[in-house]
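Here's the structure, in C-alpha cells; my notes come after.
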Amino acid sequence: MYISVKEAKAKQEKMREQVVIKPLEKEISTVAGADLSFDKNSDKVQAGIVILRLPGLKVVARSAVTTEVDFTYIPGLLAFRELPPLKKAWKLLKIKPDVLILDGHGIAHPRRLGLATHFGILMDHPTIGCAKNNLTGNFEQPRSEKGSYRYIIDDGERIGIVLRSRTNVNPIFVSPGHKVSFEDSREIVMRCLSRYKLPETTRKAHALVNRLRRGETEPGYIEF
DNA sequence: GCGACAG
DNA sequence: ATCTTGTCGC
C-alpha cells in the first residue's frame, strides 16, 4: 500500500468535482465488461475486458493480463486495488468500446467516486457501475418483474438504480460512472441482459479472467 | 460504542 | 474475491 487510507479518501474528495453525469452524445454500437480474478493465497490477479457488439451481444475483441495487486480490499476504496490491473487490460485493447461496464459502483459511493467513476475520469471514457450488492444509500424494493427499478437515495440525492434484471431474482445495483446519464446506464445494462441476473458484459469478462487463472487461455489481445 | 461495508 | 456439490424452487 503506497498510499494511506486517509490519502486515498482525500484523493476521492478532490476527484469528485471532475465527475460528469450527462447523456451520451451518440448512439453506441459496442459495450464492454471488465472484471478481475484473484488468487487465493498470493497477490496475483488476472484482469480482463471483453467488448461486445450492441445489438447482438457478439464478442468483438478481448484483452487479458496477469499482474499483482498492492492494495488490500477496503469498502469504499475498491478502485485503489483494482484500477492498476484494469488499466493494463484497457491499454492492451486496440479498439475501445463506446461504453465500459465495471464490476462495482459508479457514483453510488460515499464520496460519489466508485470504481467505475474513478476509472472513467482517469481514462476519460464513458463508464457504468454494475454491482451485485449495495454500498451506501437507501432504496425501496422494485417490483418483481424484469425491468422494474427504483432509485437509490443518499442524503436526499439520487445516486443509483436498483434494477430487477431477471424476474423473481434479487436486483442488481446500477449507477452512472462517468460521461453517461442515469437513463443511459439503465438502458444500456438492460440491453446487455439475456436470460441471467448479470449482464453479458460482466458474465463474459468474469468467464475470461477465470479461464486465464486456470491456464485455459492465453493472456493478450484478441480480435474476433 | 455499534452496525454497515462494492470486490 | 475465494473455498466447492448437491439441491431446492420458480
Side-chain angles (χ1 to χ4, degrees), chain A residues 1 5-6 8-9 11-12 15-16 19 33-49 64-89 100-121 127-139 143-146 148 152-155 159-178 185 189 195-199 201-216:
Chain A
M1 282 165 97
V5 169
K6 188 173 184 177
K9 290 182 177 177
K11 187 165 189 173
Q12 295 180 325
M15 286 181 76
R16 65 186 296 177
V19 184
D35 195 22
L36 298 188
S37 180
F38 298 81
D39 189 317
K40 188 185 189 274
N41 32 45
S42 88
D43 287 332
K44 279 195 179 354
V45 295
Q46 9 287 138
I49 296 178
V65 301
T66 291
T67 330
E68 275 185 8
V69 286
D70 56 20
F71 198 93
T72 152
Y73 169 67
I74 297 175
L77 300 182
L78 179 65
F80 293 88
R81 175 178 175 76
E82 306 199 344
L83 230 36
L86 290 173
K87 275 193 266 186
K88 292 191 176 181
L100 177 66
I101 299 178
L102 295 107
D103 247 349
H105 295 284
I107 60 173
H109 175 279
R111 290 169 291 285
R112 311 294 180 261
L113 216 90
L115 174 66
T117 301
H118 198 142
F119 185 93
I121 292 175
T127 58
I128 295 172
C130 181
K132 305 171 199 63
N133 297 289
N134 194 35
L135 174 61
T136 189
N138 307 298
F139 61 88
R143 282 181 293 110
S144 58
E145 309 80 53
K146 174 177 179 177
S148 300
I152 302 174
I153 307 297
D154 192 32
D155 285 314
I159 61 172
I161 301 164
V162 189
L163 176 67
R164 192 74 69 179
S165 53
R166 181 178 173 174
T167 301
N168 294 329
V169 168
N170 288 148
I172 56 178
F173 303 80
V174 178
S175 60
H178 187 54
S185 303
V189 169
R195 53 170 299 196
Y196 307 100
K197 166 177 177 173
L198 300 176
T201 39
T202 70
R203 298 186 75 244
K204 292 275 183 16
H206 197 272
L208 169 62
V209 293
N210 279 322
R211 273 177 342 230
L212 178 60
R213 180 160 62 85
R214 300 171 198 155
E216 297 170 6

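Any value given below was found using the heavy atoms of this structure, including those in side chains, with hydrogens, waters and symmetry copies removed. All chains are named by letter (A, B, ...) in the order of the sequence lines, taking the proteins before the strands, and each is independently numbered beginning at 1.
To the nearest 0.5 Å, atom CD1 of residue A/Ile101 and atom CD1 of residue A/Ile49 are 12.0 Å apart. Here A/Leu135 contributes atom CG and A/Leu78 contributes atom CG; the two are 9.0 Å apart, rounded to the nearest 0.5 Å. Separation of atoms OG1 (A/Thr167) and NZ (A/Lys146) is listed at 7.5 Å; rounding is to 0.5 Å. For the atom pair A/Ile152 CD1 and A/Asn138 CG, the distance stands at 9.5 Å (nearest 0.5 Å). Distance check: A/Leu36 CG to A/Leu115 CG gives 8.0 Å after rounding to the nearest 0.5 Å. Once rounded to the nearest 0.5 Å, the distance linking CG of A/Leu102 with CG of A/Leu86 reads 6.0 Å.
Using cut-offs of 30° and 60° for the angle between ring planes, the A/Phe71 and A/Phe80 rings count as tilted.
A/Arg211 is linked by a salt bridge (Lys or Arg N to Asp or Glu O under 4.0 Å) to nothing, counting only residues two or more places apart in sequence or in another chain. Partners of A/Asp103 by salt bridge (Lys or Arg N to Asp or Glu O under 4.0 Å), not counting sequence neighbours, listed by chain and number: A/Lys132. When the salt bridge (Lys or Arg N to Asp or Glu O under 4.0 Å) test is applied to A/Lys204, the partners found at least two apart in sequence or on another chain are A/Glu200.
The one candidate from A/Asp35, A/Thr66, A/Asp39, A/Thr67 that meets the side chain to side chain donor-acceptor pair (under 3.5 Å) condition with A/Gln46 is A/Thr66.
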Discussion item. Quick one, A/His105 with A/Asn134, criterion side chain to side chain contact (heavy atoms under 4.5 Å, CB included). Give me CA distance, side-chain angles, the key distance, then yes/no.
Written reply: CA-CA 8 Å; A/His105 295 284; A/Asn134 194 35; 4.2 Å; yes
Sequence neighbours excluded and cut-off under 3.5 Å, please list the side-chain donor-acceptor pairs for residues 107-114 of chain A, or say none.
from     : atom 1 : to       : atom 2 : distance (Å)
A/His109 : ND1    : A/Arg111 : N      : 2.9
A/His109 : ND1    : A/Arg112 : N      : 3.4
A/His109 : ND1    : A/Leu113 : N      : 3.2
A/His109 : NE2    : A/Gly76  : O      : 2.8
A/Arg111 : NE     : A/Gln12  : OE1    : 2.6
A/Arg111 : NH2    : A/Gln12  : OE1    : 2.8
A/Arg112 : NE     : A/Glu157 : OE1    : 3.0
A/Arg112 : NH1    : A/His109 : O      : 2.6
A/Arg112 : NH1    : A/Asp154 : OD2    : 3.2
A/Arg112 : NH2    : A/Asp154 : OD2    : 3.2
A/Arg112 : NH2    : A/Glu157 : OE1    : 3.2

Under 3.5 Å, which donor-acceptor pairs link side chains of residues 168-178 of chain A to any protein atom two or more places apart or in another chain?
from     : atom 1 : to       : atom 2 : distance (Å)
A/Ser175 : OG     : A/Gly106 : N      : 2.7
A/His178 : ND1    : A/Val20  : N      : 3.2

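With contacts defined as side-chain heavy-atom distances shorter than 4.5 Å, the pair A/Ser37/A/Leu212 does not qualify.
Only A/His109, A/Gly114, A/Leu115, listed by number, bring a heavy atom of residues 108-115 of chain A to less than 4.0 angstrom from any atom of DNA chain B. Across residues 160-173 of chain A, not one residue has a non-hydrogen atom less than 4.0 Å from an atom of DNA chain B.
Consecutive Watson-Crick or G-U pairs involving DNA chain C, each under 3.5 Å on both distances, never reach a stem of three or more pairs. Remark: DNA chain B takes part in no stem of 3 or more antiparallel Watson-Crick or G-U pairs, criterion distances under 3.5 Å.
Residue contacts shown for A/Gly129 are absent, as no nucleic acid heavy atom lies under 4.0 Å away.
No more than 12 heavy atoms of other residues, nucleotides or ligands sit less than 6.0 Å from atom NZ of A/Lys9. In the displayed structure, A/Lys87 atom NZ is contacted under 6.0 Å by more than 12 heavy atoms of other residues, nucleotides or ligands. Enclosure of atom CG in A/Asn41 by more than 12 non-hydrogen atoms of other residues, nucleotides or ligands within 6.0 angstrom is indicated.
Looking at every heavy atom in both residues, A/Pro85 comes nearest to A/Ala47 through O-CB, 3.5 Å.
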Restricting both atoms to N or O, compile the protein contacts to nucleotides 4-7 of chain C shorter than 3.5 Å, with distance only.
none

Report all interatomic pairs (protein N or O, nucleotide N or O of nucleotides 1-3 of chain C) with separations under 3.5 Å.
from  : atom 1 : to       : atom 2 : distance (Å)
C/dA1 : OP2    : A/Lys132 : NZ     : 3.4
C/dT2 : OP1    : A/Ser37  : OG     : 3.2

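Interface limits on DNA chain B: the 5'-most and 3'-most nucleotides within less than 4.0 Å of chain A heavy atoms are B/dC5 to B/dG7.
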